[in-house]
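Everything numeric here is computed off the predicted structure, so don't read it as measured data. Order of the sequence lines fixes the chain letters, A, B, ..., with proteins taken first and strands second; residue numbering starts at 1 for each chain. Values below: all heavy atoms of this structure, side chains included; hydrogens, waters and symmetry mates excluded.
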Protein chains: 4
Amino acid sequence: MDYQSIESPASCYVDFCLVPLGTSSASVATEVAEVQKVLKASGLKYTLHSAGTTVEGPWDEVMKAVGKAHTAVHKSGVVRVQTAMRVGSRTDKTQTAEEKVKRVEDILASGK
Amino acid sequence: MDYQSIESPASCYVDFCLVPLGTSSASVATEVAEVQKVLKASGLKYTLHSAGTTVEGPWDEVMKAVGKAHTAVHKSGVVRVQTAMRVGSRTDKTQTAEEKVKRVEDILASGK
Amino acid sequence: MDYQSIESPASCYVDFCLVPLGTSSASVATEVAEVQKVLKASGLKYTLHSAGTTVEGPWDEVMKAVGKAHTAVHKSGVVRVQTAMRVGSRTDKTQTAEEKVKRVEDILASGK
Amino acid sequence: MDYQSIESPASCYVDFCLVPLGTSSASVATEVAEVQKVLKASGLKYTLHSAGTTVEGPWDEVMKAVGKAHTAVHKSGVVRVQTAMRVGSRTDKTQTAEEKVKRVEDILASGK
């Protein structure tokens with residue numbers, strides 16, 4: 001395989017949780033708000049939940065947005081930023097975030 | 001410090017995503033539904049979202065529930081199970097999942 | 001399935017990275033050292049690497065050890081602790097950490 | 001802040017674990033070997049350990065390499081790929097993977 005010429009996936013989903021280190025406060029809400037502003041500016045589809053943020057889109061754009069989130073938090077004065085991320089890509093079909101949840105709920109509702 | 005006698009945190013939150021390996025299908029909905037059944041039986045508070053499930057409660061109970069989820073999926077015939085997890089504990093205050101999201105939304109709404 | 005009576009997996013591996021929040025320093029080395037002390041006291045097999053620590057053993061014991069690590073760091077004065085974790089369990093065979101790496105290296109060495 | 005013009009971090013480390021879904025085998029060694037080939041071709045510094053692979057370098061290059069790893073595994077016939085990732089960036093200093101481990105070992109050796 002020619003690893004130089006292959007591209008990143010055309011679409012993926014990323015669920016991530018960014019935390020600032022070395023800040024005097026244990027709160028992360030300011031930094032998480034900053035992340036949402038970066039995502040809004042990116043034009044990508046994203047959803048905030050209580051344990052992270054889910055973003056969907058082309059791999060390079062999504063990863064660029066998360067990278068910008070690190071930079072934005074650094075620029076606010078945080079010297080160290082740590083992110084835990086789950087990333088998925090698939091080539092067999094397109095499934096939105098809503099469809100994923102619905103499929104599980106349908107199985108549960110069917111009582112199987 | 002006496003590491004033998006210290007206990008796990010009295011409360012924590014866990015956000016996790018369990019995937020089955022070595023199944024012929026690329027779908028994970030059946031296994032995710034199984035996870036929800038284990039959590040329902042646990043009596044813990046949990047929420048399904050498109051990229052995982054968030055659970056709150058005492059550390060040992062939450063981790064036991066995730067362990068049972070692995071076992072339940074194994075019992076359904078899956079020989080290998082992999083979970084990505086984020087865990088948080090804090091001693092300064094109690095904050096529900098809803099409060100976490102609201103704090104971020106308040107910051108965004110304030111326009112700061 | 002009787003979700004009350006099923007047990008956690010008899011063996012698993014966990015790879016985790018614990019970070020303290022709300023500390024004035026961006027360094028995490030003191031907390032990571034504390035984690036190693038907890039693991040040493042646990043009697044479990046563990047290995048420190050540059051991006052985390054890998055532990056092997058029965059699910060409940062491994063998770064108890066990670067919980068104690070949170071508590072130990074809390075006791076050192078850190079009010080919020082966040083851990084990113086990957087957990088795997090399998091029922092088809094036992095494979096040590098060394099064997100996992102060796103299998104990949106053998107494939108690479110075979111030139112396939 | 002101008003979120004359009006800010007860049008991703010100039011350096012970061014990523015520790016990741018990629019798994020294939022919907023493959024008949026529970027083994028992941030072939031896919032992990034594929035990941036190593038992509039990383040070798042990238043020219044980035046990387047280390048394989050039993051629970052993942054650690055890569056260091058500029059954010060965009062590292063993320064591109066992980067994206068190519070997804071694509072390479074897709075091209076080998078796997079329709080769904082899932083990766084768990086931890087990413088860190090810091091602006092206060094440069095620290096290699098070896099230095100991170102050494103700092104912890106020094107604290108442990110000092111007996112504090």
So which residues of [range] are in contact with chain D at a heavy-atom cut-off of under 4.5 Å?
range	value
residues 2-16 of chain C	C/Tyr13, C/Asp15, C/Phe16
residues 52-70 of chain C	C/Gly52, C/Thr54
residues 75-94 of chain C	C/Ala84, C/Met85, C/Arg86, C/Arg90, C/Asp92

Please round to the nearest 0.5 Å and tell me the distance separating atom CG of C/Leu108 and atom NZ of D/Lys40. 8.0 Å
As an exercise, state the distance from CG of D/Leu48 to CD of C/Glu105, rounded to the nearest 0.5 Å. 6.0 Å
Taking only residues two or more places apart in sequence or in another chain, which ones pass ring pair (Phe, Tyr, Trp, His ring centres under 6.0 Å) with C/His74? none
Of all heavy-atom pairs between C/Lys100 and D/Ser50, which one has the smallest distance, and what is that distance? CD-O, 3.5 Å
Atom group of C/Thr30 that falls short of 4.5 Å from chain D, counting heavy atoms: both
D/Val104 and side-chain contact (heavy atoms from CB on, under 4.5 Å): which partner among C/Gln36, C/Glu31, C/Glu34? C/Gln36
